[in-house]
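Below: one structure, written as structure tokens.
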Amino acid sequence: MTRILRSIRFNIFLGALIAFFSAVGTILPQIGQEPERANAFMQAHPLWTKFLSFFGLFDLYHSWWFMGILALMAVDIVLCKLWNKPPDAGIVALPPELTNEEDLETHLDKKEAALKLKPFQAFFTSKMGLDDAWKTARGHLKREGYAVKEEFFLPGTAGAFVGTRHRIQRWGSYFAHIGLVVILVGALIRSLFGFVEMVPVLEGGSRRMQRLFDPRSFSERVRELFWGHPWTMKEPVDVYVDKFTIEYYPGTMNPKLFASDARVMSGDQLLGQKVIRVNHPLDVNGVRFYQASWGAGGMFRSVTLKLGKETLQLPQRTPVKIPGTPFTVEADMMLPNFTVTDGQADTASLDLKNPAVRLMFSVGPHKTSPLWLLKNYPDICFTEDAQGQLTHAPAPPFQLAAIDPILFSGIQVAYDPGFPIVVLGALMWLLGMIALFYMHRRRVWILLESAGENSCRASLGAWSSRGTREYEAEFGALAKSLRSELKSEDNFQMTENPIVEVS
Amino acid sequence: MNYEVVFLKGALAFYALATAAAFVYLYNKDDKWSSWMFRLVGVGLALHLVSFGFGMHYFWKIPDNRYYFPINSFFGALSFLSLATVAVFFLIESRHQLGILGAFVLPWAVVGTGSAIIFANPAAEGLVPALQNYWINIHPVVLMTAYAAFGNAFGVGVALLIQEHQIKSRKPSELCYRLPSIEDLDDLNYRIIVWAFPVLTVGIIMGGIWAYSAWGRFWGWDPKETWALITALVYAGYLHMRFVKGWRGKKAVYVSMLGFACVLFTFLGVNYLSPLHGYLSGGG
């Protein structure tokens, strides 16, 4: 079982599964993302809905099985990294079975054979004695930026060492994968302990959050623990919006800015106060209050009606007498984005794209049928009958000059204790990626064998984390400079399958 | 007169000429065609940069947009993506001098700039509040750079498949000798993806950090996010297939091409799925 779980192939399969179901979730409407579309789909296809919702496909990303695949992948990545050695030749030095000196002396040819298996090799004879050549070669590699590790040195016989550059590259893969798991852990913490709540607050009013929360900061909690206070306290919290501002780009209905002058209170205690804008939330002990949306719910402070030269201020649901006439007029309702649905007045959205107001005129006990006036289209007017059906009416002799709506501010309260962990994981991923893919680990093995008093044979083998092409020229240059440092005069003695030729 | 569009049209003309030169070079051994292709691309790139500069100038006339890049609109995004694609191509070509790669990459630049000119609206508009954040200069730029690199890798992949077909056919044509070896193409495809994959993932993570500051969540399974994740998963699959199972050549290239299909869908298709994150909706 663990064999399967720790196999990279199985992990690739899990990744493909996640990719597939993620794609399904973008095509099938999700309750979490698009509740209206999801509900519309459910009503249109009741039979399918039964089947699909049994598997949680309308809330796919939060279904137990999808979370299960993610968790399984996290576990598998850990298992993979624990069991599988990184697939590279770089950590395999010369054959390790030769440990004692006698073996080394008799089996030096095996070392040479091992070098010939490396992707890059070079062989030449030096005009220096073993001791000198040994020191020179090591010094040269160090100067080239290689960390040199001695493998063995038998005076008068032979010596071998390994040089590595950018060793950290090897850990890139570990770091990146652990980072990925840390990100998933952060997401898990969020789904276990975090919350999101939408709190629409009318301008000038307040609203109590459904969720209770602890108004104290972490350090306060620790301190108060000593005085016998409980670790968690659940207090109701109210969000006040004292003023809501919206500005548009000139000549358009595209919002440029919307902001709430907001206070967060727990009873009489002020927990936080700030002008919240999009991208600039208010933070109360880790719970963040975001400016998410805004809208007009149909309330207004007043509308200004223009009758010839006169203007009238009409507060909502307050009859006002029209001067010089027996009429009174009352504005009772506003729709922010007026549209006609099934012959009835409706709003297409909650933004003030096409505001309309319903007016009722009366003389004594007699009321006229309600009249809808559109602010942006003064020539269009509808009358509404008792059933709410609209009919076009001729352009009236009065217009809506202005509407002063009471807007609501959509404040989204979110608590995500996993976020710092996600950022930590992201950082690990970033560092891991840089090490793994942007650093270039090279490893060079050098075997020196004495061939008389002032001569020794040098065998070089090398490996690179970037495949053959990238390192070819660099290794060629390294071998060439080493050859001249070691006072070699011969051309390279080539093996049967030479990869690098230095002339 | 909108100089952004004028210069973009100029860039498009030079890209088209360069593409033509690249195609001639596929069938004509004369190296002058490839050097002409390279020069034409250089001129096109310069014009495109000027166009982007003008775009920035018009965009910053709205004070609230100032110091943000104009890549929120579909026009800006297409223009920038084409610019990045050509810039990455220019870098690859100046390092590797393949000569033939232009025929497989430059058509993307022609299609990108062309559709920006034909289909998209170049008018500068004020940024919606969610986008008024310094991340708009980082997150989309990083991601589109990755997309551009993947576009180049796709071009290399196409060249590889053609070469494979040539070698396997009984009568390999002139093209066979023009194209680099399958090993070289496979190596280049891999090297580009290995460079771009971290950029892609880091771009996605940056998006998450921005989303946390604008919308209060790091990840929300919005279609754009989700498809970017799918893209990353496919390329991660490609890398693992190569590392672990030693896939090379045709097989590996098919996986990387699937990745590029996901890139295209993330960039374009998602606009029809996401109400929040699409260019057509003006969101982030």
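Reminder, nothing fancy here: chain letters follow the sequence lines and each chain counts from 1. Side chains included, hydrogens not; waters and symmetry mates left out as well; all remaining heavy atoms used.
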Spacing of [atom1] belonging to [X] relative to [atom2] belonging to [Y], to within rounding of 0.5 Å:
X	Y	atom1	atom2	result
A:Asn279	B:Tyr134	CG	OH	9.0 Å
A:Arg288	B:Arg217	CZ	CZ	13.0 Å
B:Asn133	A:Arg277	CG	CZ	10.0 Å
B:Asp222	A:Gln30	CG	CD	12.0 Å
B:Tyr212	A:Arg190	OH	CZ	9.5 Å
B:Ile62	A:Lys256	CD1	NZ	9.5 Å

Compare every heavy atom of [Y] with every heavy atom of [X], then report the nearest pair and how far apart it is.
X	Y	answer
B:Ser213	A:Pro281	O-CD, 3.8 Å
B:Ala214	A:Tyr290	O-CD2, 3.9 Å
A:Ala414	B:Gly216	CB-O, 3.5 Å
A:Thr26	B:Pro223	CG2-CA, 3.8 Å

Verify the neighbour count for atom [atom1] of [X]: are there more than 12 heavy atoms of other residues, nucleotides or ligands below 6.0 Å?
X	atom1	answer
B:Arg66	CZ	yes
A:Phe13	CZ	no
A:Lys274	NZ	yes
A:Tyr248	OH	yes
A:Ile168	CD1	no

Practice task
Show your working on side-chain contact (heavy atoms from CB on, under 4.5 Å) between B:Asn65 and A:Tyr249 and close with a plain yes or no.
Solution key: CA-CA 11 Å; B:Asn65 287 351; A:Tyr249 285 104; 4.0 Å; yes
Exercise for the section: Select all residues of residues 15-25 of chain A having any heavy atom within less than 4.5 Å of some heavy atom of chain B, and report them by number, or 'none'. Expected result: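 Listed by number, the contacting residues are A:Gly15, A:Ile18, A:Ala19, A:Ser22, A:Ala23.
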Exercise for the section: Could you please state which residues from residues 419-437 of chain A sit under 4.5 angstrom from chain B, measuring non-hydrogen atom to non-hydrogen atom, sorted by number, or 'none'? Expected result: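 Hits under 4.5 Å: A:Phe419, A:Val422, A:Ala426, A:Trp429, A:Leu430, A:Met433, A:Phe437.
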Exercise for the section: May I ask you to check whether A:Tyr61 and B:Trp219 place their ring centers less than 6.0 Å from one another? Expected result: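 No: the rings miss the under 6.0 Å criterion.
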Exercise for the section: Give the C-alpha distance, both sets of side-chain angles, the deciding distance and a yes or no for side-chain contact (heavy atoms from CB on, under 4.5 Å) between A:Asn254 and B:Glu125. Expected result: CA-CA 9 Å; A:Asn254 301 330; B:Glu125 281 187 0; 4.2 Å; yes
Handout entry: chain A contact via B:Trp135 - which portion, at a heavy-atom distance below 4.5 Å
Key =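 Looking at B:Trp135, nothing touches chain A.
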Practice task
Tell me, for B:Phe197 versus chain A, whether the close heavy atoms (under 4.5 Å) come from the side chain, the backbone, both or neither.
Solution key: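 Contact with chain A: side chain only.
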Exercise for the section: Sort A:Ile12 into side chain, backbone, both or neither according to what part of it lies under 4.5 angstrom from a heavy atom of chain B. Expected result: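 Interface part for A:Ile12: side chain.
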